[in-house]
Amino acid sequence: METRESYKGELPRGPWNEYLAIQLGGLFPPEVVVIPMIVNGNVVALLYGDNLPTGKPIGPIDALELMMLEAGLAME
């Protein structure tokens, strides 16, 4: 949220990420994607996705980033 940029990669280990993994089924995903929705310069929502249960690499996220940008602009 601090960088206001999308993230795609390994979910860093830490207490909050481990809590998230437990809440989402108990498995730690090999790869995640997090895309912010920005409205009036503030992050108001995060789109989260991971590659469980298959573990296959996450493909391009350009279309998702564009969707979140358009949703943020619509909210403004």
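Keep in mind the model is a prediction, meaning the values are calculated, not measured.
A continuous path of Ile, Leu, Val, Met, Phe, Trp and Tyr side chains, each step under 4.5 Å between heavy atoms, connects M67 with M37, placing both in one hydrophobic cluster. In terms of hydrophobic clustering, with Ile, Leu, Val, Met, Phe, Trp and Tyr side chains grouped at heavy-atom distances under 4.5 Å, V44 and Y48 are assigned to different clusters. Under the 4.5 Å side-chain heavy-atom criterion for Ile, Leu, Val, Met, Phe, Trp and Tyr, L73 and V39 are members of distinct hydrophobic clusters. At a threshold of 4.5 Å between side-chain heavy atoms, the hydrophobic network of Ile, Leu, Val, Met, Phe, Trp and Tyr places I58 and L20 in two separate groups. At a threshold of 4.5 Å between side-chain heavy atoms, the hydrophobic network of Ile, Leu, Val, Met, Phe, Trp and Tyr places V33 and M1 in two separate groups.
Nearest approach of N17 to P12, heavy atoms of both residues: ND2-O, 2.7 Å. Shortest non-hydrogen contact noted between S6 and I61 is CB-CD1, 4.2 Å. P36 and V43 get closest at one heavy-atom pair: CB-CG1, 4.0 Å. In plain terms, the two heavy atoms of E76 and I38 that are nearest each other are OE2-O, 4.2 Å. Summarising the geometry of E31 relative to K56, their closest heavy-atom pair is OE1-O, 4.5 Å, with the distance given to 0.1 Å. Contact record, L11 with F28: O-CE2, 3.2 Å, taken as the closest heavy-atom pair.
Counting non-hydrogen atoms of neighbouring residues, nucleotides and ligands closer than 6.0 angstrom, the CD atom of E10 reaches no more than 12 such neighbours.
To the nearest 0.5 angstrom, E65 atom CD is 10.0 Å from L47 atom CG.
The backbone N or O of G41 lies less than 3.5 Å from a partner atom in the side chain of R4, making a donor-acceptor pair.
Cluster partners of Y19, by chain and number: W16. The rule joins Ile, Leu, Val, Met, Phe, Trp and Tyr whenever side-chain heavy atoms lie under 4.5 Å apart. In this structure, L52 belongs to a hydrophobic cluster whose other members, linked by side-chain heavy atoms under 4.5 Å apart, are L27.
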